[in-house]
Amino acid sequence: MLSNKRIQELELVMEFEKVEECLKEVSSWIENVGRKRLKETINLDDSLEMLLQAQKQFKEFDLVASEYCRRGQEALKKMNQWEDFSFVDVHSYRRKLQTYGDQLEEFCTQLDETRHRVCETVRLYEFFDKVRQTICCTEEGIKS
């Protein structure tokens with residue numbers, strides 16, 4: 001039984017190494033690409049045309065970012081089986097997983113918030129553009 005337990009532990013370590021490669025890739029993308037692109041969307045342009053262009057660019061980025069989030073979440077789910085093991089060596093792995101998980105959760109939350117903010121900003125600008133057009137048409141009608 002002890003031998004079987006040790007084999008399971010070694011299999012988990014090998015599984016962790018595979019999962020960690022995926023998590024390192026996701027983490028690197030978040031730090032080198034994802035966070036920078038999210039920061040670029042903090043200041044949205046003043047015109048509806050420019051805002052629509054920014055929204056289009058964000059949607060393209062969002063597809064890629066969502067895929068990285070999905071891959072990271074799937075990798076973390078694979079490691080849920082670690083909860084069943086209590087041997088001492090697993091604690092350092094759990095800490096690494098927790099760090100990756102925290103980073104991924106924070107980024108995915110920021111991505112969701114940015115997606116919502118961009119969408120709402122576009123809706124607001126479209127509304128104000130309609131109001132502006134209505135006012136202009138009304139003014140032209142009054143002048144005629």
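Numbers here are sequence positions counted from 1.
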Student: With a 4.5 Å limit on heavy-atom distance, are the side chains of S27 and L23 in contact?
Tutor: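 SC-SC contact between S27 and L23 ruled out.
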
Student: Just so I know, are the side chains of C119 and R123 near enough to count as touching, which here means a heavy-atom distance under 4.5 Å?
Tutor: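 They are in contact (side-chain heavy atoms under 4.5 Å apart), so the answer is yes.
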
Student: Out of curiosity, T99 OG1 to L104 CG, how far, rounded to the nearest 0.5 Å?
Tutor: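 Answer for the OG1-CG pair, T99 versus L104, is 12.5 Å.
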
Student: Would you say V33 and R37 make side-chain contact, with heavy atoms under 4.5 Å?
Tutor: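 Result yes, sub-4.5 Å side-chain heavy-atom pair found.
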
Student: Are the side chains of F58 and L38 in contact, using a 4.5 Å heavy-atom criterion?
Tutor: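 Answer yes - side chains close enough.
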
Student: Atom CZ of R70 and atom CD of E67: how far apart are they, to the nearest 0.5 Å?
Tutor: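 Interatomic distance, R70 CZ to E67 CD, rounded to 0.5 Å: 4.0 Å.
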
Student: Taking ring-ring contact (aromatic ring centres under 6.0 Å, His included) as the definition, give me every residue that meets it alongside Y125, ordered by chain and number, with sequence neighbours left out.
Tutor: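 ring-ring contact (aromatic ring centres under 6.0 Å, His included) list for Y125, sorted by chain: empty.
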
Student: Answer yes or no: does atom CD of E105 have more than 12 heavy-atom neighbours from other residues, nucleotides or ligands under 6.0 Å?
Tutor: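 Incorrect, the count does not exceed 12.
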
Student: Are the side chains of I30 and Y68 in contact, using a 4.5 Å heavy-atom criterion?
Tutor: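 Counting from C-beta outward, Y68 and I30 never come under 4.5 Å.
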
Student: Are V131 and V122 connected in the hydrophobic side-chain network, where two residues link if heavy atoms are under 4.5 Å apart?
Tutor: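 Different hydrophobic clusters.
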
Student: Under a 4.0 Å N-O cut-off, is there an ion pair linking K59 with D62?
Tutor: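 No salt bridge links K59 with D62.
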
Student: Quick one: pull up SG in C108 and CG in D112 and give me the separation to the nearest 0.5 Å.
Tutor: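 It is 7.0 Å, given to the nearest 0.5 Å.
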
Student: Whether K78 and E15 form a salt bridge (side-chain N of Lys/Arg under 4.0 Å from carboxylate O of Asp/Glu) is what I want to check.
Tutor: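 No salt bridge links E15 with K78.
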
Student: A quick test of your reading: do over 12 heavy atoms of other residues, nucleotides or ligands sit less than 6.0 Å from CG of N43?
Tutor: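 Incorrect, the count does not exceed 12.
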
Student: Quick one: CZ on R115 to OG1 on T41, what's the gap to the nearest 0.5 Å?
Tutor: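 Taking CZ in R115 and OG1 in T41, the distance rounds to 11.5 Å.
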
Student: Verify the cluster assignment for L10 and I7: are they in a single hydrophobic cluster under the rule of side-chain heavy atoms below 4.5 Å apart?
Tutor: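 No, L10 does not connect to I7 through the hydrophobic network.
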
Student: What residue among Q55, M50, E49 forms side-chain contact (heavy atoms from CB on, under 4.5 Å) with Q53?
Tutor: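 Of the listed residues Q55, M50, E49, the side-chain contact (heavy atoms from CB on, under 4.5 Å) partner of Q53 is M50.
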
Student: Would you check if C22 and E74 make a side-chain contact, meaning some heavy-atom pair closer than 4.5 Å?
Tutor: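 They are not in side-chain contact.
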
Student: Could R35 and E106 be called an ion pair, given the rule that one side-chain N must be under 4.0 Å from one carboxylate O?
Tutor: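 Between E106 and R35 there is a salt bridge, with a charged N closer than 4.0 Å to a carboxylate O.
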
Student: Test salt bridge (charged side-chain N to carboxylate O under 4.0 Å, His left out) on E17 and K24; report intermediate values, then the result.
Tutor: CA-CA 10 Å; E17 289 173 356; K24 281 181 180 178; over 6 Å; no

Student: Do Q103 and E31 pair up side chain to side chain, a donor and an acceptor below 3.5 Å, judged on atom types alone?
Tutor: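 Per modelled atom types, Q103 and E31 side chains form a pair under 3.5 Å.
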
Student: What pair of heavy atoms forms the shortest contact from A65 to L111, and how long is it?
Tutor: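 Here A65 and L111 meet closest at CB-CD2, 3.7 Å.
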
Student: Within the structure provided, determine whether E126 and L52 are in side-chain contact (heavy-atom separation under 4.5 Å).
Tutor: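 They are in contact (side-chain heavy atoms under 4.5 Å apart), so the answer is yes.
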
Student: Is the closest basic N to carboxylate O distance between E25 and R71 below 4.0 Å?
Tutor: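 Yes, E25 and R71 are salt-bridged.
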
Student: If the plane angle is over 60° it's perpendicular, under 30° parallel, otherwise tilted; pick one for F107 and F61.
Tutor: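 Perpendicular: the ring planes of F107 and F61 meet at over 60°.
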
